[in-house]
Number of protein chains: 4
Amino acid sequence: MGAVKSKRMPRAVREQQMLDAAVRTFGQRGYMAASMDEIAELAGVSKPLVYLYLNSKEDLFTACIRREARALTEAVRAGVRPGLAADRQLWDGLGAFFTHTGRNPDAWSVLHLQARTHGERFAAEAAAMREEIVAFVTELIVVAAREAHRDPDLAEGEVAGLAVALVGAAESLATWANATPGVTARQAAATLMNFAWAGLGNLMEGRPWSAPVMSDELSASGAVDVVHGA
Amino acid sequence: MGAVKSKRMPRAVREQQMLDAAVRTFGQRGYMAASMDEIAELAGVSKPLVYLYLNSKEDLFTACIRREARALTEAVRAGVRPGLAADRQLWDGLGAFFTHTGRNPDAWSVLHLQARTHGERFAAEAAAMREEIVAFVTELIVVAAREAHRDPDLAEGEVAGLAVALVGAAESLATWANATPGVTARQAAATLMNFAWAGLGNLMEGRPWSAPVMSDELSASGAVDVVHGA
Amino acid sequence: MGAVKSKRMPRAVREQQMLDAAVRTFGQRGYMAASMDEIAELAGVSKPLVYLYLNSKEDLFTACIRREARALTEAVRAGVRPGLAADRQLWDGLGAFFTHTGRNPDAWSVLHLQARTHGERFAAEAAAMREEIVAFVTELIVVAAREAHRDPDLAEGEVAGLAVALVGAAESLATWANATPGVTARQAAATLMNFAWAGLGNLMEGRPWSAPVMSDELSASGAVDVVHGA
Amino acid sequence: MGAVKSKRMPRAVREQQMLDAAVRTFGQRGYMAASMDEIAELAGVSKPLVYLYLNSKEDLFTACIRREARALTEAVRAGVRPGLAADRQLWDGLGAFFTHTGRNPDAWSVLHLQARTHGERFAAEAAAMREEIVAFVTELIVVAAREAHRDPDLAEGEVAGLAVALVGAAESLATWANATPGVTARQAAATLMNFAWAGLGNLMEGRPWSAPVMSDELSASGAVDVVHGA
DNA sequence: AATGAATGAGGCTTCATTCAT
DNA sequence: CATGAATGAAGCCTCATTCAT
């Protein structure tokens, strides 16, 4: 079972262990089906200690959402280098995104599914993160339009919709990749770049988007999978 | 209070009332937070009757998922005319999809959120519907490729990914449209067609996908909103 | 333990059984030490039924206070005949009071002790009853002054204090009588009438208040105890 | 926060701080609602230290009762000069009593309410003090009878009842005075002396008890309020 | 066809109390 | 002298579910 039971740890450490256990339990069982008993046991602690440090089931869940939202956004931010071209930034960001969601499937479940299905308070917490990502993508689209010498007669609402669509596609692919053995982060990112950048119309006619070399941390994952059309 | 309390109705009718109440309650409260008490009261029936007809909370939820999944897929199917070009079929299908989700937000919440967050059994039930839609889209993509005289050297997994991305984008837009006042089904469909068919790259360069006239039921909604680029 | 377990009773009856059990338990254990488990068992019912009918521990306690407060004030009211002289009314009222508290010691504990020691909400509930009794006594004092042809230059606050003192003395005697075997309601009433009406000063000088014949329901208790000085 | 946190104090001092905090907390929250956490924090000490010095919640509460009981009885004793007439002794004793309860409302709540509502053990502890006061009053009554040349054909039980009534009246007035702004210890004492010594009957006829000058510590309170009838 | 009455089981939360340092 | 870390036990409350009519 859970972590090795070593007594008397400083509070900060114990709190992280509890959050680890909680993310895992919430991710797998769902918020309501997860019991504080199970979480405490998985954390290798007694229930009262969980309450002493995290206050309540709601606060515990909120803490999980916050921690994982920050972790995800920072992973994406770390994967992107601001100076580069828009498509390159998107490619890098998607790579970081799929890598992170792939490595932390329970956290992804918490953020993408659980946080959105159990009350406004949690949904708002997760929506804040999503908005941050949508804003990042929106900015990329605007920049890309500028790069293409095409000042945005793309109406603002239009761009918002495009960003929502792109992010939704990414979320869908993340969940799909986690559930489908053999799909790598790189593949997911390539698929989405093709879809988003070239469009199905271009794809049909043999003009896909051509993928640049992946950023370091991703290529480290080892897979040298062929990107479609490359 | 729920429906007007009229005694002695045929079973089939009562069952639909119960499912109506259940979909509404599950959609708004969530599966676990919804209580059988509330559902029974909203349906204007006593609790034992709910159990007599629907057996258990799990079965009731399953019945909701099935009914709403069927309703959604049939709405989409009804919106599409098989003979037409692939993009036209997609456009019509998306129109029907967004129209239906917009008119039945609780059902959409049940299918897209609740069914996926409360255990494998329900998730599988909803996944079946999703697969049907993904299959429809996949077929469209293959057809489109064929139409473009470009026999699919699009690998099968590649097409699957594209379909998942497109469906995810649609789901994301549906939820976004439901939460954002002023966004019509037509707009959502147009945004997604631009995104999916033309690709951001083309959009940037001023070559959007051009929308055909909408199918009847949609134009009936009255809005004559301008589609980007049309 | 508890009442004979007979299933399926109408709600009103069950509620009274629950209140009986609750008054007994609260009176003997105290509000906080009383557990809902114990109350339910004593009532011969399962805990959920208690909650279904009485909502919460707080509401249950409030219901107890209200029922017993009403019972006590009505017992006193029923013992007094408005037309008679002030001292006679007080005598009758005290008789009814001590009889009731003697027969319902748990109820008396709930009203006099428990209700006042567990939060403003309950205290206010019990204070309402006490005020009613204090008002009754106050009125008697004013009437008595008028009877003695002595228009009240007794300041209003003065009378209030006297009433509070008299009621406090009665409460103290009630508790004392319940704890001291052999003290009857009649004796308690006589002691208090002597104390209150004659005053210690007069008593010392051999001029006690002379007790009239007791009202019916009290003499029914059988004891033919000698009233001091009679 | 409670007292200023200064480390390393002699045990006796720390204990008093803890008792101060406990009396305050028990008096305001009630015995059961008071948590050891709150008491420790208010005392500016860690919980284990409270246990080290006072053993348990029960022992802590007992210690509170004992300390405050002793403080109250000693205040009364200090207010009375044994040689004087009985009514004068009572007057002085009541003055000291109401002064003390007015200055220590939490202690009064602990003694009069909390100690009597949370189990025999505590009730007995408080009853001991009460008995001491009742005995004092009983003795006064006996002395008064003797002074009136009227050897007690007042039966012993009769006298006991009178003393209980008087003490109950005093307790009631103490609580009332604490809750009613503007009521001074002197007024409360005067009200009770009138009530007890003259009796309502005499009062009605314009023959109240006449108050002597107050003892020093009371007159220090400054108010030179007119005693009814003086 | 329909329901008022009833419950087993389980979850969240809090508390008095104790180690180990 | 003093405490941060930790827990067994127990209480309130709610829910899905059934029985007897």
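Quick caveat: nothing in here was measured; it's all calculated off a predicted structure. All chains are named by letter (A, B, ...) in the order of the sequence lines, taking the proteins before the strands, and each is independently numbered beginning at 1.
Distances were taken from every side-chain heavy atom of B:K57 (C-beta onward) to each of F:dC19, F:dT17, E:dT3; the shortest belongs to F:dT17. In this structure, the nucleotide among E:dT3, E:dA6, E:dT18 sitting nearest to the side chain of C:Y53 is E:dA6.
In terms of phosphate contacts, A:R14 brings no side-chain nitrogen or oxygen within less than 4.0 Å of OP1 or OP2 of F:dG4. Here A:Y51 does not reach the OP1 or OP2 of E:dT14: none of its side-chain N or O atoms lies under 4.0 Å away.
Rounded to an integer number of Å, the gap from A:L49 CG to F:dG4 P is 14 Å. Atom pair C:E38:CD and F:dC12:P shows a separation of 10 Å (rounding to whole Å applied). In this entry the distance linking CG of A:N55 with P of E:dT13 reads 10 Å, nearest Å. Summarising the geometry, the separation between CE on D:M36 and P on F:dA9 is reported as 20 Å, rounded to the nearest angstrom. For the pair A:L52 CG and F:dT7 P, the interatomic distance rounds to 11 Å; values are reported in whole Å. For the pair A:L54 CG and E:dT14 C1', the interatomic distance rounds to 16 Å; values are reported in whole Å. C:M9 has its CE atom 16 Å from the C1' atom of F:dT21, to the nearest Å.
Residue-level contact check: A:A40 touches neither bases nor backbone, having no heavy atom under 4.0 Å from any strand. B:R11 comes within contact range of no nucleotide atom at all, as no heavy-atom separation falls under 4.0 Å.
Rounding to the nearest 0.5 Å gives a distance of 8.0 Å between OH of D:Y51 and NZ of D:K57.
Base-pair partner of E:dT14: F:dA9 (Watson-Crick or G-U wobble, both distances under 3.5 Å).
The base of F:dT17 lies close enough to the side chain of B:K47 for a donor and an acceptor atom to sit less than 3.5 Å apart.
Summarising the local packing, CZ of C:R66 is surrounded by 12 or fewer heavy atoms from other residues, nucleotides or ligands at distances under 6.0 Å. Annotation: A:R11, atom CZ; neighbour count of heavy atoms from other residues, nucleotides and ligands within 6.0 Å is above 12.
With hydrogens and angles disregarded, a donor-acceptor distance shorter than 3.5 Å links the side chain of C:Q114 to the backbone of C:Y31.
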